[in-house]
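Okay, structure first, notes after.
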Amino acid sequence: MSSDSSKKNQPVVLYTDDDAASVMMADAALSAAGYSVIAASDGQESIELFHKHLPDLVIMDAVMPGMDGFAAIREIRQSKGGQHVPIMMVTGLDDHESINAAFEIGATDFLTKPINFHVLPHRVNYMLRSANLFNELRSSQERLNNAQRIARIGSWEVDIASGTVNLSDVGKSLLGFKEGEVVADLSTAFKHLRREVVKQIMENYHTAVETAAPFNMEFRLRHPVTQRELTLHVQAVSQLDKNEKQNIIGTLQDVTEISNAQRQIHNLAYYDVVTGLPNRAFLSEKLGYALALAERSKQKFALLFLDLDHFKQVNDTLGHDAGDELLKHTAIRLNEAVREYDAVVRPRPSLVHSDSLPGTHHHTIARLGGDEFIVLITNIKDEQDAAIVAKRISAVIAQPYNLGGAEASVSTTIGISVYPHDGADADTLLKHADIAMYHAKDNGRNSIQFYSREIHDASLARFELEKKLKQAIYTETLQLVYQPKICMSSGEIVGVEALVRWHDDELGTVGPDKFIPLAEDTGLIIPLGRWVMLEACKQMKAWVAAGLKLQSMAINCSAVQFMRSDMSALATEVLELSGLEPHYLEIELTESLLLQDTEQGIKILNGLKARGIQVSIDDFGTGFSSLSYLKKLPVDKLKIDHSFVRDLAIDSGDEAIVSAIITLSHKLALDVVAEGVETEEQYQILAAMQCDQIQGYLVSKPLSAADFLIWYEDTGYNRLLRLVS
Ligand code: C2E
Ligand code: MG
Ligand code: MG
């Protein structure tokens with residue numbers, strides 16, 4: 001017996017027999033054939049040696065004193081490393097019972113006594129080869145299993161006739177079973193699935209059995225062990241096995257991550273990131289669905305087009321984060337408002353808040369972008385229903401917001417279009433709701449407006465006007481007229497104010513009150529304002545050069561222009577282009593404009609003052625100023641709004657106000673100008689109050705540049721003298 005079991009690369013054979021002679025013979029034969037032999041004389045010893053040496057093959061006598069071969073094999077099979085080792089059992093010739101028993105407990109092959117020791121090495125060799133092959137197969141099966149485990153793919157097989165299920169380990173774990181749990185039939189396999197999922201799988205299963213067509217489906221499962229929500233993909237095909245029996249084989253794969261990623265991509269494509277509301281793309285799908293449904297069932301639906309009023313101001317003054325915050329709050333409030341409506345008017349509780357499938361509920365709220373939202377309300381009785389929701393929304397949105405500590409309020413303007421009255425397709429309905437909303441904005445915001453033909457016409461007219469105004473700005477066919485201001489004590493002209501005019505061939509003369517708001521809304525105010533400033537500065541430069549004694553050229557600056565464009569940079573550029581010295585330029589701002597954002601306003605004003613430009617507050621008295629606020633503003637002049645001047649001789653209240661403004665201005669060392677002075681009576685009162693300057697028809701209407709020159713040189717000077725005397 002060779003004890004040299006440690007020789008490398010020599011297959012080790014554990015030979016167990018109580019017959020010492022047999023051991024000796026076997027050792028000799030196997031050693032000669034290149035095997036390393038370990039011998040044991042009974043079952044117990046065999047097991048010990050097995051653990052110690054982990055042989056490549058075991059030869060085991062069946063009948064031995066002490067522990068017999070059967071018991072030893074059973075134990076080896078159950079021990080670590082003993083599961084797959086080839087075991088040859090040695091039995092008596094024709095001992096069929098023993099042979100069967102040997103196979104049953106896991107012997108690989110058998111050998112009958114008396115042993116032919118010449119043949120033994122060949123048998124051993126043969127057995128090891130097939131064992132190696134088997135091992136290879138097994139390890140590739142293991143690799144496959146591992147791959148399946150990693151990929152979280154399980155496999156399964158159902159014998160259709162018997163309903164027996166064979167489910168792989170991964171499959172079991174995916175379906176929520178613990179290791180070792182027996183899953184032998186379909187109803188066990190489906191134990192952890194939701195009822196509707198089982199129903200769906202079984203429908204597919206039956207179709208596959210009947211048609212032999214493969215099937216694929218995905219379902220969700222809350223895993224009973226991990227409590228995770230999984231998405232599983234099942235794929236199956238029906239086939240005939242080698243015994244011509246029909247079965248269904250398939251795989252089961254965990255696709256949770258892929259499907260979550262897909263859902264995320266879907267969300268990005270269909271939902272607005274800021275508010276989580278459906279976006280334009282999603283809305284358009286829902287609209288398509290709503291249209292089809294409404295058409296079929298002869299129902300009405302309404303589209304509410306919402307726009308927050310002055311949202312830009314929140315963004316500009318409180319920052320974009322606050323702006324986003326406001327949009328989020330708006331989305332939540334919209335949902336609440338509409339849900340309340342749904343609950344009160346049409347109680348269908350379970351359907352109300354789902355937004356998973358198009359059309360399963362009665363409203364959709366979407367964000368189109370910016371501060372624009374759409375509310376789609378399907379199946380309304382009449383327009384009144386839409387009005388109720390719109391009013392509810394207005395009220396809810398108007399509640400104050402807390403945006404990172406700052407309190408803010410916004411109102412909303414809503415335009416409404418109703419199917420089928422206002423349009424038969426999605427685009428038209430959206431456009432018409434938009435038109436109605438714009439119309440409402442024009443008429444003072446914070447309101448609700450249904451679409452109508454008249455609005456449509458008005459909006460077309462507005463659109464036309466916008467087009468023409470744009471053209472007038474870019475072809476520089478606007479004009480400036482100039483209205484003088486005079487000093488009350490000296491009677492001299494101190495300056496002029498430039499006022500813009502638009503003469504259109506078709507429309508005639510259009511006043512700034514008509515087109516400045518339009519220019520502000522459309523952004524045209526920026527190029528328009530630039531043109532006015534440049535044109536006025538050039539004119540002033542020419543007049544100064546011609547020797548006219550003018551101290552200032554005032555231009556009016558719109559709120560939008562003041563806040564949105566870089567006024568200092570514009571003034572610098574314009575002064576350079578025109579060659580006018582900065583102190584000749586005066587900028588008139590309305591008081592309300594400065595009230596909107598005092599801090600920012602003061603910053604811009606300081607920038608202008610630093611360049612030597614004069615600043616005055618226009619239409620003073622119409623906003624709500626406090627003295628402390630006025631003191632903070634770096635301005636030179638106040639212009640009393642002409643509404644106070646108009647009734648000066650009639651209304652003692654106005655007289656008191658004007659008097660107070662003048663006294664206040666002087667206390668703050670500001671010049672004060674009365675606007676819109678038309679009568680001598682007004683003039684006398686203002687003179688008595690020691691108003692510094694006046695402007696108005698009494699002195700002169702606004703004049704073209706050419707007319708102003710004539711006025712200045714002729715009538716102007718004499719007239720002033722007469723007034724003062
Ligand atoms: P404003 O700056 O307060 O200009 C005074 C307005 O009162 C002018 O109207 C002027 O023609 C008018 N007015 C002057 N004296 C009298 C008077 O004695 N009686 C009456 N009843 N009215 C008088 P206009 O030119 O129609 O301008 C209206 C407003 O449009 C201006 O008010 C100003 O806020 C704005 N505006 C005019 N030109 C421009 C401009 O170039 N840019 C901007 N952003 N706004 C402008
Ligand atoms: Mg003005
Ligand atoms: Mg004014």
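For ligands, and for the atoms within them, numbers begin at 1 and follow the listed sequence.
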* Asked: Just checking, any donor-acceptor pair under 3.5 angstrom between side chains of His329 and Asn402?
  -> no
* To do: Validate the cation-pi geometry between Lys701 and Tyr697: distance from NZ or CZ to the six-membered ring centre under 6.0 Å, angle to the ring axis within 45°.
  => yes
* To the nearest 10 degrees, could you say what angle the Mg ion (ligand 2) makes with OE2 of Glu497 and OD1 of Asn556? => 90°
* Of all pairs that satisfy side chain to side chain donor-acceptor pair (under 3.5 Å), the ones with a partner from residues 603-612, not counting sequence neighbours -> Thr572-Arg611, Lys609-Asp636
* To do: Would you check whether Gly511 reaches within less than 4.0 Å of ligand 1, judged by its heavy atoms?
  => no
* Given Met533, Glu675, Gln695, which one has a non-hydrogen atom that is nearest to atom 5 (C) of ligand 1? -> Glu675
* Structure fact -> The N/O/S atom of Glu588 lying closest to the Mg ion (ligand 2) is OE1
* Asked: Taking non-hydrogen atoms only, is Lys639 closer than 4.0 angstrom to ligand 1 via side chain, backbone, both or neither?
  -> neither
* Asked: Is the backbone N or O of Leu277 less than 3.5 Å from a side-chain atom of Arg367, with the two atoms forming a donor-acceptor pair by type?
  -> no
* To do: Between Val500 and ligand 1, find which residue part has any heavy-atom pair under 4.0 Å and reply side chain, backbone, both or neither.
  => both
* By ring pair (Phe, Tyr, Trp, His ring centres under 6.0 Å) - contacts of Tyr451 (at least two apart) -> His432, His456
* To do: Please determine if Glu678 has a nitrogen or oxygen closer than 3.5 Å to a nitrogen or oxygen of ligand 1.
  => yes
* Run the numbers for me: atoms of ligand 1, each under 4.0 Å from some heavy atom of Ser558, listed by number. => 44 (N)
* Relative to ligand 1, is Val532 under 4.0 angstrom through side chain, backbone, both or neither, heavy atoms considered? -> side chain
* Proximity of Val677 to ligand 1 by residue part, where a heavy atom lies under 4.0 Å -> backbone
* **ligand 1 contact by Arg501, heavy-atom criterion under 4.0 angstrom** => yes
* Taking the six-membered ring where the residue is Trp, are the ring centres of Tyr474 and Trp531 under 6.0 Å apart? -> no
* Measure the distances from the heavy atoms of Glu497 to every atom of ligand 1 and state whether one is below 4.0 angstrom. => yes
* Would Arg333 count as a cation-pi partner of Tyr401, with NZ or CZ less than 6.0 Å from the six-membered ring centre and within 45° of the ring normal? -> yes
